[in-house]
Amino acid sequence: MTEPDPGTVETDFPKTGAPAQRALIGAGYTHLAQLTSVSEKELGALHGMGPKALRILREALAERGLSFAD
């Protein structure tokens with residue numbers, strides 16, 4: 001099975017590294033608001049998702065008054 005090409009999937013994520021984008025898309029996430037249903041720890045366990053990407057996503061959620069699940 002081939003993974004979706006991050007360049008062909010439309011997302012509203014802030015700019016993060018390619019490995020983080022691939023990890024999110026591979027896990028089925030394409031919209032920032034979807035991340036409110038998952039914990040930061042769960043996202044951090046995805047291959048390619050590092051501390052910098054998590055910080056960028058956390059800040060983007062906070063700007064919208066949202067946060068990761070507890």
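No hydrogens, no waters, no symmetry mates; every other heavy atom, side chains included, goes into these values.
Applying the salt bridge (Lys or Arg N to Asp or Glu O under 4.0 Å) test to every pair with at least one member in residues 60-70, sequence neighbours left out, gives no pairs at all. Sorted by first and then second residue, the salt bridge (Lys or Arg N to Asp or Glu O under 4.0 Å) pairs involving residues 44-59 (not counting sequence neighbours) are Glu40-Arg58, Arg55-Glu59.
Residues His47 and Ala23 come closest through the heavy atom pair O-CB, 3.2 Å. Across Leu57 and Pro14, no two heavy atoms sit closer than the pair CD2-CD, 3.8 Å.
Under the 4.5 Å side-chain heavy-atom criterion for grouping Ile, Leu, Val, Met, Phe, Trp and Tyr, Leu24 is connected to Leu66 within one hydrophobic cluster. One hydrophobic cluster, built from ILVMFWY side chains closer than 4.5 Å, holds both Leu54 and Phe13. Following chains of ILVMFWY side-chain contacts shorter than 4.5 Å, one cannot reach Ile56 starting from Phe68, and the two form parts of different hydrophobic clusters.
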N/O donor-acceptor pairs under 3.5 Å from side chains in residues 32-39, not counting sequence neighbours:
from	atom 1	to	atom 2	distance (Å)
Gln34	OE1	Thr30	N	2.6
Gln34	OE1	His31	N	2.8
Thr36	OG1	Ala33	O	2.8
Ser37	OG	Gln34	O	2.8
Ser39	OG	Glu42	N	3.0
Ser39	OG	Glu42	OE1	3.1

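Separating the CD1 atom in Ile25 from the CD atom in Glu10 is a distance of 11.0 Å, to the nearest 0.5 Å. Rounded to the nearest 0.5 Å, atoms OG1 (Thr16) and CD (Gln21) are 3.5 Å apart.
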